[in-house]
Each structure stands twice: as C-alpha cells, then as structure tokens.
Amino acid sequence: MTVVGLLGLQGAFLDHIPHLKRCAVSYRIVRDSMALNAIDRLIIPGGESTVMAKFLEEFDMLAPLCRRIREGLPVWGVCAGSILLAEQVDGNAGSLSALPISVTRNAYGRQIASSVHFIDIPVMKQERYPAVFIRAPRIDRVGEGVTVHASRGNDPVFIQKEKIMATTFHPELNQDDCFHDYFLKV
Ligand code: GLN
C-alpha cells in the first residue's frame, strides 16, 4: 500500500490530508530522516521556503532527501515546495536542486496581492481551474526535459519532469482532488 509523505516541518501540510483521505491513500507526516525511508511519495507543501530549507538542514534531512529524490522518489512541490525543488532561486543555487528551473520568489507581489487565476490544464482535462496564488514564485526558466502543463499568461505554473512535479499555486486549497489524483499516478 502506497504511503504518501507530507513534509511537516512548516507550512500548509495539513490541508493535503482531506484530499489524500478522499483518494483513499495512506499518509505520514515526515519530520525526520527515518520517516523519509517509510514513504513512497512526498508532498513538499507551501509555506516559507527559507524556513523549510533551514529546518531540512538542521534536522539532517537535506542530504537523505536529495538522495531519495535522485533514486526516483516521486515528489510534488507546492509553491514554497517548488522553490525548494528549483535549481536556481533568485539567482542563487537552490536547496534540493531537483528540477532544472529558475524561480524568482514573491514575484507577483506581497501577501495582499494573493489572487485566484483561472488556468487551463489539458493533462487533467480542466478548463478555467481556479488556481490560488499566495506570494507565489515565478518560474523564469525551464530546462531540458521539463513539461509545462499549465501557465498563467506566459509564466509556467504547473510543471513536471519525470516523477517530480511543481505547482506555484495551492491546489490543496480547492475541493477538487485532481492534483492529488494526478500525483498518485506520476
Ligand atoms: N513566498 C514563499 C516563499 O518564498 C512561498 C509562499 C507559499 O508557499 N505560498 O517561500
């Protein structure tokens, strides 16, 4: 039976639980490297990427997590999670550096500029899906092998490379389970 890990160091990890329950999959909140060995997939939630990066190091999880990702662990990074997965963040080397993308943090403005944008997601047969952006990063560059599944204007907002996917918005805040369903199949 598949166990989905929810990185639970900081941020909006609890909001994923109702989705995972509806998808009838087991989950485990991951707060140490032991727990990393007991999961088959990992969701890195939205929150504050700088804090999460710091905790990953402090709790000796950074190297084990990088190793598991290299070995093929499917991972979904949401907003701050997509920042942690990026190769380059605001011109500097990223934390997990698992996706060949460059991002700019908080590129659409401050918390008060958070907004819903309607996006089309052909791979999920979704039209005008209401994507919630909260101090979202902008993906400025996508490298080789990265598929762009959805964009906001010209900016990619849902991307995937093999078993790693990233959304710069927060699907867990919507009722729809389409992103969790999709992630369980990557
Ligand atoms: N602005 C946050 C960061 O830089 C991300 C915000 C979010 O995850 N909603 O980490």
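Every value quoted in this text rests on a predicted model; they were computed, and no experiment measured them. The chain is numbered in sequence order, starting from 1.
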Discussion item. Tell me whether D32 contacts the main-chain N or O of A35 through its side chain, where contact means a donor paired with an acceptor under 3.5 Å.
Written reply: yes
Fill in: R28 side chain to G5 backbone, donor-acceptor under 3.5 Å
no
Fill in: Residues that T147 engages under side chain to side chain contact (heavy atoms under 4.5 Å, CB included), provided they are two or more places apart
H149
Discussion item. Checking S33 against D60 for the side chain to side chain donor-acceptor pair (under 3.5 Å) test, could you report, in this order, the C-alpha distance in whole Å, the side-chain angles of both residues, the deciding distance, and whether it holds?
Written reply: CA-CA 7 Å; S33 60; D60 294 322; over 6 Å; no
Worksheet entry | V186 backbone acceptor or donor facing R41 side chain under 3.5 Å | yes
Worksheet item: Do the side chains of I164 and W76 get nearer than 4.5 Å, heavy atoms only?
Response: no
Discussion item. Let me confirm one number: the OG-CZ distance from S97 to R70, rounded to the nearest 0.5 Å.
Written reply: 11.0 Å
Item to complete: Look at the side-chain heavy atoms of Ile, Leu, Val, Met, Phe, Trp and Tyr, link any pair under 4.5 Å apart, and say whether V3 and I69 land in one connected group.
Response: yes
Worksheet, complete the sentence: For M1 and S26 the tightest heavy-atom approach is CE-OG, 3.5 Å
Fill in: Steps toward side-chain contact (heavy atoms from CB on, under 4.5 Å) verdict (T167, V157)
CA-CA 6 Å; T167 55; V157 293; over 6 Å; no
Worksheet item: Is there a path from L184 to V75 through hydrophobic residues (I, L, V, M, F, W, Y) whose side chains come within less than 4.5 Å of each other?
Response: no
Discussion item. So does E172 get a backbone contact from the side chain of H19, meaning a donor-acceptor N/O pair under 3.5 Å?
Written reply: yes
Fill in: Non-hydrogen side-chain atoms of I43 and L7 separated by less than 4.5 Å
no
Worksheet item: Counting N and O atoms only, with roles assigned by atom type, does the side chain of D176 sit under 3.5 Å from a partner on the main chain of C178, one being a donor and the other an acceptor?
Response: yes
Worksheet item: Stepwise, does the side-chain contact (heavy atoms from CB on, under 4.5 Å) test hold for Y108 with D155?
Response: CA-CA 11 Å; Y108 301 105; D155 303 337; 2.8 Å; yes
Worksheet item: Taking atom CZ of R138 and atom OG of S102, what is their separation to the nearest 0.5 Å?
Response: 11.0 Å
Fill in: Donor-acceptor pair, side chain of Q160 and main chain of E162, under 3.5 angstrom
yes
Worksheet entry | Check against side-chain contact (heavy atoms from CB on, under 4.5 Å), H170 and V78 | CA-CA 6 Å; H170 286 261; V78 177; 3.9 Å; yes
Worksheet entry | Sub-6.0 Å ring centroid separation between F158 and F179 | yes
Worksheet entry | Any side-chain heavy-atom pair of V142 and V148 under 4.5 Å | yes
Worksheet entry | Side chain R152, main chain H117, donor-acceptor under 3.5 Å | no
Worksheet entry | Test item: R105 side-chain N/O and I83 main-chain N/O as donor-acceptor pair under 3.5 Å | no
Discussion item. Once rounded to the nearest 0.5 Å, what's the spacing between atom OH of Y129 and atom CZ of F118?
Written reply: 11.5 Å
Discussion item. Under a 3.5 Å cutoff, is there a donor and acceptor pairing between the side chains of T2 and D40?
Written reply: no
Worksheet item: Would I159 and L85 show up in the same hydrophobic cluster when neighbours are defined by side-chain heavy atoms closer than 4.5 Å?
Response: yes
Worksheet item: What's the verdict on side-chain contact (heavy atoms from CB on, under 4.5 Å) for M61 and M34, showing C-alpha distance, side-chain angles and the deciding distance?
Response: CA-CA 9 Å; M61 293 175 72; M34 286 285 282; over 6 Å; no
Worksheet item: If Ile, Leu, Val, Met, Phe, Trp and Tyr residues are connected whenever their side-chain heavy atoms lie under 4.5 Å apart, and connections chain through other members, are L173 and M165 in the same group?
Response: no
Discussion item. Between E87 and R141, does any side-chain N to carboxylate O distance fall below 4.0 Å?
Written reply: yes
Worksheet, complete the sentence: side-chain contact (heavy atoms from CB on, under 4.5 Å) test vs T168 passes for just one of C79, S82, P156, namely S82
Item to complete: Could you tell me the separation between the CG atom of L73 and the NZ atom of K163, rounded to the nearest 0.5 Å?
Response: 10.0 Å
Discussion item. Are the side chains of P137 and T104 in contact, using a 4.5 Å heavy-atom criterion?
Written reply: no
Practice prompt. Flag the pair L84 / V89 as yes when at least one side-chain heavy-atom distance between them is below 4.5 Å, and no otherwise.
Written response: no
Worksheet item: So, for V132 and F169, which heavy atoms are closest and what is the spacing to 0.1 Å?
Response: O-CB, 3.1 Å
Worksheet item: Does the D120 side chain pair with the main chain of R128, one donor and one acceptor, at a distance under 3.5 Å?
Response: yes
Worksheet entry | F13 reachable from F55 in the ILVMFWY side-chain graph, under 4.5 Å edges | no
Practice prompt. First locate atom CG of L65, then atom CG of L36, and finally report the distance between them rounded to the nearest 0.5 Å.
Written response: 5.5 Å
Fill in: Smallest separation among heavy atoms of K161 and G145, with atom names
CG-O, 3.3 Å
Practice prompt. Hey, could you give me the CD1/CD1 distance between I29 and I39, rounded to the nearest 0.5 Å?
Written response: 12.0 Å
Fill in: Charged N-O contact under 4.0 Å between E58 and K54
yes
Worksheet item: Between L42 and P74, is any pair of side-chain heavy atoms under 4.5 Å apart?
Response: no
Fill in: Heavy-atom closest pair, residues G81 and I44
CA-CG2, 3.5 Å
Worksheet, complete the sentence: Shortest non-hydrogen pair, G153 vs S151, comes out as O-CB, 3.6 Å
Worksheet entry | D177 side chain vs C23 backbone, donor-acceptor pair below 3.5 Å | no
